[in-house]
Student: 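One structure coming up, written as structure tokens, with questions to follow.
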Amino acid sequence: MISADAIRGYIDLIVLTLLRDRPSYAYEIAKTITEVTAGEYAIKQTTLYSALKRLEAAGLTSSYADTSASGKPRTYYRLTNDGAAYLAAKLAEWESTKTLIDRFTQGRH
């Protein structure tokens, strides 16, 4: 199991990445995170909702009301144009960070 502390700085990146392809609602986002991580990380609802509110306040996502496939009313979130640009920059930053850390963890220093 991955600790919440290890993931904390990457929650926004994870959520934005999941919204890159299509809009989604909080429960579906949480379920997808658990599935993609094969159960190694399960996001807490409070953490997810805080991230969604923060991303929307920053103009990186927007929300709208709609009905899910099950017929339940849901609040969906989608990436804005600013959010897509921000995500691209953060993904590039992540690659640079990963490359740098790999130099140490894989003994290439």
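None of these values were measured; they are calculated from a predicted model.
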Student: Drop me the distance from L16's CG to L55's CG, to the nearest 0.5 angstrom.
Tutor: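 Going from CG on L16 over to CG on L55, the span is 5.0 Å.
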
Student: To the nearest 0.5 Å, what is the distance between CH2 (W94) and CG (L13)?
Tutor: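 Rounded to the nearest 0.5 Å, the CH2-CG separation comes to 8.0 Å.
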
Student: Answer whether the closest heavy-atom distance between the side chains of L91 and R20 falls below 4.5 Å.
Tutor: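 L91 reaches R20 side chain to side chain.
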
Student: Side chains of E56 and L52, heavy atoms from C-beta outward: is any pair under 4.5 Å?
Tutor: no

Student: Can you find a heavy atom in the side chain of P23 that is under 4.5 Å from one in the side chain of Y64?
Tutor: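 Counting from C-beta outward, P23 and Y64 do come under 4.5 Å.
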
Student: Which pair of heavy atoms, one from A51 and one from D12, lies closest together, and at what distance?
Tutor: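 Heavy atoms of A51 and D12 come nearest at CB-OD1, 3.7 Å.
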
Student: Main chain of T75, side chain of S63: is a donor-acceptor contact present, judged purely on distance under 3.5 Å?
Tutor: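 No, S63 side chain to T75 backbone: no donor-acceptor pair under 3.5 Å.
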
Student: Nearest 0.5 angstrom please: T67 OG1 to Y76 OH, how far?
Tutor: 7.5 Å

Student: Under the salt bridge (charged side-chain N to carboxylate O under 4.0 Å, His left out) rule, what do E93 and K90 come out as? Steps first, then yes or no, please.
Tutor: CA-CA 5 Å; E93 181 183 272; K90 284 299 185 181; 3.1 Å; yes

Student: Take atom CD in Q45; do more than 12 heavy atoms of anything else shown fall under 6.0 Å from it?
Tutor: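 No, because the 6.0 Å sphere around CD of Q45 holds 12 heavy atoms or fewer from other groups.
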
Student: To the nearest 0.5 Å, what is the distance between CD1 on I11 and OH on Y41?
Tutor: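 Rounded to the nearest 0.5 Å, the CD1-OH separation comes out at 3.5 Å.
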
Student: Is it true that Y25 and L18 fall in one hydrophobic cluster, defined by side-chain heavy atoms closer than 4.5 Å?
Tutor: no

Student: Determine, for E95 against K98, whether the closest basic-nitrogen to carboxylate-oxygen distance falls under 4.0 angstrom.
Tutor: no

Student: Is V15 linked to Y10 within one hydrophobic cluster, defined over Ile, Leu, Val, Met, Phe, Trp and Tyr using a side-chain heavy-atom separation of less than 4.5 Å?
Tutor: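 Result: yes, single cluster for both.
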
Student: To the nearest 0.5 Å, what is the distance between CZ (R54) and CG (L60)?
Tutor: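 Result: 10.0 Å between the selected atoms.
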
Student: Kindly give the heavy-atom pair with the smallest separation between L79 and L19, and that separation in Å.
Tutor: CB-O, 3.9 Å

Student: What's the spacing between I29 CD1 and I14 CD1 if we round to 0.5 Å?
Tutor: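 Between I29 CD1 and I14 CD1, I get 11.5 Å after rounding to 0.5 Å.
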
